[in-house]
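What follows is a set of notes on a single structure, which appears directly below.
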Amino acid sequence: MTKPHCDAPAGSSEDRTEPETVYTVELMVQLTGVSDDMLRCYQLEGLISPTNGPTADRPSFDDETLRTLRRIEHLKTAYGMSLPGIRLLLHLQAETERLQAELRAQR
């Protein structure tokens, strides 16, 4: 989903997309307070994955991964959820969003 451009004239047919922000492990640690060891743990648990693939020497992450990481930390700290519970919740949320999009497309 792209953000609307405020400087684009109304009804403009020009399709502008903002470049995807890429975060290094160091920047993710800085932005979230999650240690690099926990980032690796979340990757191994399948909760997040780098945008450049799991075998990259220097993994990088996107905005969606940043949001997911913040959601994981909120669920852990606010509700004391375990990683398997978080994995299930994230899966159910993704499935709900997919089904909602499918319903919208049928209308």
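The structure displayed is predicted, hence computed values, not measured ones.
Hydrophobic clustering of Ile, Leu, Val, Met, Phe, Trp and Tyr side chains at less than 4.5 Å, counting indirect connections, unites Leu27 with Ile48. Linking Ile, Leu, Val, Met, Phe, Trp and Tyr whenever their side-chain heavy atoms come within less than 4.5 Å puts Leu31 and Leu47 in one cluster. A continuous path of ILVMFWY side-chain contacts below 4.5 Å connects Ile72 to Tyr79, so both sit in one hydrophobic cluster.
Side-chain N or O atoms of Arg87 include one that pairs as donor or acceptor with a backbone N or O of Glu45 at under 3.5 Å. In terms of modelled atom types and a separation under 3.5 Å, the side chain of Asn52 and the main chain of Arg58 share a donor-acceptor contact.
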Given Met28 and Thr24, is the side-chain contact (heavy atoms from CB on, under 4.5 Å) satisfied, shown in steps?
CA-CA 6 Å; Met28 289 291 273; Thr24 62; over 6 Å; no
side-chain contact (heavy atoms from CB on, under 4.5 Å), that's the test. Do Val25 and Phe61 meet it? Break it down for me.
CA-CA 8 Å; Val25 169; Phe61 303 92; 3.8 Å; yes
What verdict does the side-chain contact (heavy atoms from CB on, under 4.5 Å) test give for Thr32 and Leu66, after you've listed the backbone C-alpha separation in whole Å, the side-chain angles of each residue and the deciding distance to 0.1 Å?
CA-CA 8 Å; Thr32 63; Leu66 178 61; 3.6 Å; yes
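Using a 4.5 Å cut-off on side-chain heavy atoms (C-beta onward), Gln43 and Pro50 make contact. The shortest distance between side-chain heavy atoms of Asp62 and Thr21 does not fall below 4.5 Å. The closest side-chain heavy-atom distance from Gln93 to Thr96 is not below 4.5 Å.
Interatomic distance, Glu102 CD to Glu95 CD, rounded to the nearest 0.5 Å: 8.5 Å. Distance OG/Ser49 to CG/Leu44: 11.5 Å, rounded to 0.5 Å. Rounding to the nearest 0.5 Å gives a distance of 4.5 Å between CD of Glu64 and OG1 of Thr68. Atom NE2 in His74 sits 13.5 Å away from atom CG in Leu69 (nearest 0.5 Å).
Side chain to side chain, Glu73 and Tyr42 meet the donor-acceptor criterion of an N or O pair below 3.5 Å. Between Thr51 and Ser60, the side chains place a donor N or O and an acceptor N or O closer than 3.5 Å (distance only, hydrogens not considered).
Between Cys41 and Leu83, the shortest heavy-atom contact is SG-CD1, 4.0 Å. Heavy-atom minimum distance, Met81 versus Lys76: O-CG, 3.7 Å. Val29 and Asp36 get closest at one heavy-atom pair: CG2-N, 3.6 Å.
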